[in-house]
Novice: 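Before we start, here is the structure in question, set down as structure tokens.
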Amino acid sequence: MKKAITFTKESLYEQCEAAGVSLPYAEDLSPLAETAEIAGHLFPNRLACQAMEGCDGTADGRPDELTKRRYRRFAEGGAGLIWFEATAVMREGRANPRQLWITEDNLDSFKREVEEIKETAMKKNGYAPVIVMQATHSGRYSKPDGVPAPLIAYHSPIFEKDHPISDDRIVTDEYLDRVGEALVNGARLAEKAGFDGVDIKACHRYLNCELLSAFTRPGRYGGSFENRTRLLRESVAGARQVCGENFLVSTRMNAYDGFPYPYGFGVTEGNGITPDFTEAKEILRMLSSLGVKLVNITMGNPYFNPHVNRPYVRGGYEPEEAPIFGVARMLNGTAELKKAVPGMKLICSGLSYLGTSAPHVVSAFVKDGGFDFAGFGRTIFAYPDFARDILSGGMKKEKCCIACSKCTEIMRTPGGTPGCAIRDPLYTELYRKIFSK
């Protein structure tokens, strides 16, 4: 299985042919420089910084110095959209003790952060990005005090295996009602802080995402499609009610989990992990009916099958599929979803493995209406000014993410604050300190 970043058109085509997949390629990058307008917000270009959590906030949830440094670099980088990282709306839903957590008490800190991002971008690039805050409850992956404290929608033998989580950690319907209220309140606080929008997070197996596959759960939040989508639907509707008409209410949504039914969403029942986007399309139609105009599409679970949502050269295990296969599933799958909601703007994911080919591939998709924005994740740790380079001709090989998973290695260590150990000297030194012990 060949695994190498696709720095050339020839390498891209070679890998696609070997994996039996197809991806388009365009020399013309001008579609990525086009503006877009959504709900009164002008997006300066079609390039997006995805939500990349830094695990570097203060104990009470405020942005700290490393947080500020990261967003200053993103702001200077020129992307037209910054999807601000996972921000908890309930203390017990924090994924780590330093995850950002928005409250009435620390609202001014978030307000200053948004102002600084926009001011920095204006000074450097002459335009400010649209900024969307990701509102989250970490559910199964909650660890507010540094030790696992899972809050689950249902038992999953895929994750729990021979160590089932205690039944009292299955959240009640009444608790989920409160989560919905907290997500709506998080949207209200995000608007007060100056964000342009909010993402009611429903991806990567956090609580709202896990509910999408709660086929075996009884009660108002499990079983039927209506029940499994209740938290997402009611949170989005509630946010739309309490926030201004031009405030973007969105979601980053898993269209495909990558593990079998009845524990995975977006898979064909009785056929292993074969994708089935039927329900994902129905969710998009439902969100459109609620006035949602922008959705961020992703797949997989970073804790269980990270090769699905961030195909890599090196990682914690050897996947059975070539990385380019996962990239094609993500991008072609997003294009398939777009056909179901042609009036909705969609953001793709999973681009870092494409290296300098990435802008050429996504430009072809954007030009042909496959999706509307190119979302870069790990790349922005390594290459925060990727957008400015793309807009001036293309990405530079020596700046690209090499999909080595070292940022994830750092994040998985106690107290680790992830960044690029290859391209960013600050994190190179941090990596050496952590792994030389």
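Values below: every heavy atom of this structure, side chains too, minus hydrogens, waters and symmetry copies.
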Novice: Are Cys203 and Lys201 packed together at the side-chain level, in the sense that at least one heavy-atom pair is separated by less than 4.5 angstrom?
Specialist: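 Cys203 vs Lys201: side chains touch.
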
Novice: Assess the residue pair Met52 and Cys407 against the criterion (side-chain contact (heavy atoms from CB on, under 4.5 Å)); give the C-alpha distance rounded to whole Å, side-chain angles, the decisive distance to 0.1 Å, and a yes or no.
Specialist: CA-CA 10 Å; Met52 295 298 291; Cys407 54; 5.5 Å; no

Novice: Run the salt bridge (charged side-chain N to carboxylate O under 4.0 Å, His left out) check on Asp173 and Arg217 step by step: do they pass?
Specialist: CA-CA 10 Å; Asp173 285 359; Arg217 180 188 170 97; 2.8 Å; yes

Novice: Check the side chains of Tyr383 and Glu398 for a donor-acceptor pair under 3.5 angstrom, ignoring hydrogens and angles.
Specialist: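 No, no side-chain donor-acceptor pair sits under 3.5 Å.
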
Novice: Side chains of Thr87 and Gln134 only: does a donor on one sit below 3.5 Å from an acceptor on the other?
Specialist: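 Result is no, nothing qualifies.
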
Novice: Donor-acceptor pair, Thr417 side chain versus Gly54 backbone, under 3.5 Å?
Specialist: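 Not a single qualifying donor-acceptor pair exists.
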
Novice: Take Ile422 and Ile402 through the test side-chain contact (heavy atoms from CB on, under 4.5 Å) and record every step on the way to the result.
Specialist: CA-CA 8 Å; Ile422 304 299; Ile402 61 171; 4.0 Å; yes

Novice: Apply salt bridge (charged side-chain N to carboxylate O under 4.0 Å, His left out) to the pair Arg188 and Glu104, showing each step before the final yes or no.
Specialist: CA-CA 10 Å; Arg188 181 185 66 82; Glu104 292 282 1; 2.6 Å; yes

Novice: Dump the intermediate steps for side-chain hydrogen bond (donor to acceptor under 3.5 Å, both in side chains) on Thr103 and Arg91, then the final yes or no.
Specialist: CA-CA 10 Å; Thr103 67; Arg91 183 190 181 281; over 6 Å; no

Novice: Show the numbers, then the answer: is there a side-chain contact (heavy atoms from CB on, under 4.5 Å) between Glu191 and Asp196?
Specialist: CA-CA 7 Å; Glu191 184 176 36; Asp196 299 301; over 6 Å; no

Novice: Got Thr251 and Asn296 here, is their nearest side-chain heavy-atom distance under 4.5 Å?
Specialist: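 No; the side chains remain at least 4.5 Å from each other.
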
Novice: Identify the two heavy atoms, one from Val184 and one from Ser235, that lie closest to each other, and give their separation to 0.1 Å.
Specialist: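 Shortest heavy-atom contact: CG2-O, 3.6 Å.
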
Novice: Is the number of heavy atoms from other residues, nucleotides or ligands within 6.0 Å of CZ (Phe277) greater than 12?
Specialist: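 Enclosed: over 12 neighbouring heavy atoms sit under 6.0 Å from CZ of Phe277.
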
Novice: Apply the test salt bridge (charged side-chain N to carboxylate O under 4.0 Å, His left out) to residues Glu210 and Arg228: give CA-CA distance (whole Å), side-chain angles for both, the deciding distance (0.1 Å), then the verdict.
Specialist: CA-CA 9 Å; Glu210 183 162 78; Arg228 288 181 285 112; over 6 Å; no

Novice: To the nearest 0.5 angstrom, please state how far the CD atom of Glu279 sits from the CG atom of Leu284.
Specialist: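 Reported to 0.5 Å precision, the distance equals 12.0 Å.
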
Novice: Over all heavy atoms of both residues, which pair between Gly93 and Gln99 is shortest? Give the atoms and the distance, please.
Specialist: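 For Gly93 versus Gln99, the nearest heavy atoms are O-OE1, 3.8 Å.
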
Novice: Quick check for you: to the nearest 0.5 Å, what is the distance between Asn96 atom CG and Asp145 atom CG?
Specialist: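 Answer for the CG-CG pair, Asn96 versus Asp145, is 11.0 Å.
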
Novice: Let me see the working for Arg388 and Glu76 under salt bridge (charged side-chain N to carboxylate O under 4.0 Å, His left out), right down to the final yes or no.
Specialist: CA-CA 9 Å; Arg388 196 164 63 248; Glu76 291 174 344; over 6 Å; no

Novice: Atom CG of Leu287 and atom CG of Leu294: how far apart are they, to the nearest 0.5 Å?
Specialist: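 Between Leu287 CG and Leu294 CG, I get 11.0 Å after rounding to 0.5 Å.
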
Novice: Just verifying a value: how many Å separate Lys192 NZ and Asn185 CG, rounded to the nearest 0.5 Å?
Specialist: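 It comes to 9.0 Å.
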
Novice: Answer yes or no: is there a side-chain heavy-atom contact under 4.5 Å between Lys338 and Asp372?
Specialist: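 SC-SC contact between Lys338 and Asp372 confirmed.
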
Novice: Is any side-chain heavy atom of Tyr256 closer than 4.5 Å to a side-chain heavy atom of Val267?
Specialist: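 Of all side-chain heavy-atom pairs linking Val267 with Tyr256, at least one is under 4.5 Å.
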
Novice: Among side-chain atoms of Asn305 and Tyr317, is any donor-acceptor pair under 3.5 angstrom?
Specialist: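 Tyr317 and Asn305 do not have a side-chain donor-acceptor pair below 3.5 Å.
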
Novice: Determine whether a donor-acceptor pair (N or O, by modelled atom type, separation under 3.5 Å) exists between the side chain of Ser288 and the backbone of Arg285.
Specialist: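 Pair absent, no side-chain N/O of Ser288 close to backbone of Arg285.
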
Novice: Test side-chain hydrogen bond (donor to acceptor under 3.5 Å, both in side chains) on Tyr154 and Ser213; report intermediate values, then the result.
Specialist: CA-CA 9 Å; Tyr154 62 90; Ser213 62; 2.7 Å; yes

Novice: Using side chain to side chain contact (heavy atoms under 4.5 Å, CB included) as the criterion, point out the one residue from Arg233, Arg220, Met286 that pairs with Glu226.
Specialist: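 Of all the options given, the one that passes is Arg233.
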
Novice: More than 12 heavy atoms of other residues, nucleotides or ligands under 6.0 Å from NZ of Lys399: yes or no?
Specialist: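 Enclosed.
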
Novice: Looking only at heavy atoms, what is the nearest atom pair of Phe376 and Ala358, with distance?
Specialist: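 Shortest heavy-atom contact: CE2-CB, 3.8 Å.
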
Novice: Phe371 vs Phe365 aromatic rings, parallel, tilted or perpendicular, using cut-offs 30° and 60°?
Specialist: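 The rings of Phe371 and Phe365 lie parallel, inter-plane angle below 30°.
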
Novice: Checking Glu92 against Ser142 for the side-chain hydrogen bond (donor to acceptor under 3.5 Å, both in side chains) test, could you report, in this order, the C-alpha distance in whole Å, the side-chain angles of both residues, the deciding distance, and whether it holds?
Specialist: CA-CA 7 Å; Glu92 69 269 23; Ser142 296; over 6 Å; no

Novice: Taking C-beta and beyond as the side chain, do Leu32 and Ile390 meet within less than 4.5 Å on heavy atoms?
Specialist: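 SC-SC contact between Leu32 and Ile390 confirmed.
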
Novice: For His155 versus Tyr263, what's the shortest heavy-atom pair and its separation?
Specialist: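 Smallest interatomic distance, heavy atoms only, reads O-CE2, 3.9 Å.
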
Novice: Under 6.0 Å between the ring centres of Tyr303 and His204?
Specialist: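 No, ring centres 6.0 Å or more apart.
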
Novice: Under 6.0 Å between ring centres: does that hold for Tyr431 and Phe435?
Specialist: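 When the ring centroids of Tyr431 and Phe435 are compared, they turn out to be within the sub-6.0 Å range.
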
Novice: Would the Phe195 and Phe84 ring centres measure less than 6.0 Å apart?
Specialist: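 Yes, they do, as the ring centres are separated by less than 6.0 Å.
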
Novice: Kindly determine whether Ile165 and Arg140 satisfy side-chain contact (heavy atoms from CB on, under 4.5 Å), including the steps that lead there.
Specialist: CA-CA 10 Å; Ile165 293 170; Arg140 182 174 291 273; 3.7 Å; yes

Novice: To check you understand the geometry: which heavy-atom pair defines the closest contact between Ala193 and Leu107, and what is its length?
Specialist: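 Result for this residue pair: CB-CD1, 3.8 Å.
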
Novice: Run the numbers on Phe373 and Phe43 for ring pair (Phe, Tyr, Trp, His ring centres under 6.0 Å), then give the verdict.
Specialist: CA-CA 10 Å; Phe373 293 89; Phe43 293 71; 5.1 Å; yes

Novice: Using the salt bridge (Lys or Arg N to Asp or Glu O under 4.0 Å) rule, pick out the option among Arg70, Arg69, Arg98, Arg62 that qualifies with Asp56.
Specialist: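 Among the candidates, only Arg70 passes.
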
Novice: So do the side chains of Leu232 and Ile200 get within less than 4.5 Å of each other, counting heavy atoms only?
Specialist: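 Yes - at least one pair of side-chain heavy atoms lies under 4.5 Å apart.
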
Novice: Could you check whether any side-chain heavy atom of Asn301 comes within less than 4.5 Å of a side-chain heavy atom of Tyr141, counting everything from C-beta outward?
Specialist: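 Touching, per the 4.5 Å side-chain cut-off.
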
Novice: Out of curiosity, Asp389 CG to Leu47 CG, how far, rounded to the nearest 0.5 Å?
Specialist: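 Those atoms lie 11.0 Å apart.
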
Novice: Taking the six-membered ring for Trp, are Phe215 and Phe265 ring centroids under 6.0 Å apart?
Specialist: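 No, the ring of Phe215 stays outside the 6.0 Å limit from the ring of Phe265, centre to centre.
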
Novice: Take atom CD in Glu37; do more than 12 heavy atoms of anything else shown fall under 6.0 Å from it?
Specialist: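 Buried by this count: over 12 neighbours within 6.0 Å.
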
Novice: Test Thr58 against Asp60 for side-chain hydrogen bond (donor to acceptor under 3.5 Å, both in side chains), laying out the working first.
Specialist: CA-CA 5 Å; Thr58 64; Asp60 64 349; 2.5 Å; yes

Novice: Please check: side-chain N/O of Glu113 versus main-chain N/O of Ser109, any donor-acceptor pairing under 3.5 Å?
Specialist: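 Between the backbone of Ser109 and the side chain of Glu113 there is no qualifying donor-acceptor contact (under 3.5 Å).
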
Novice: With a 4.5 Å limit on heavy-atom distance, are the side chains of Val361 and Leu331 in contact?
Specialist: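 A side-chain contact under 4.5 Å exists here.
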
Novice: Give the minimum heavy-atom separation between Ala75 and Ile117, together with the two atoms involved.
Specialist: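 Answer, listing the atom of Ala75 first, then Ile117: CB-O, 3.4 Å.
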
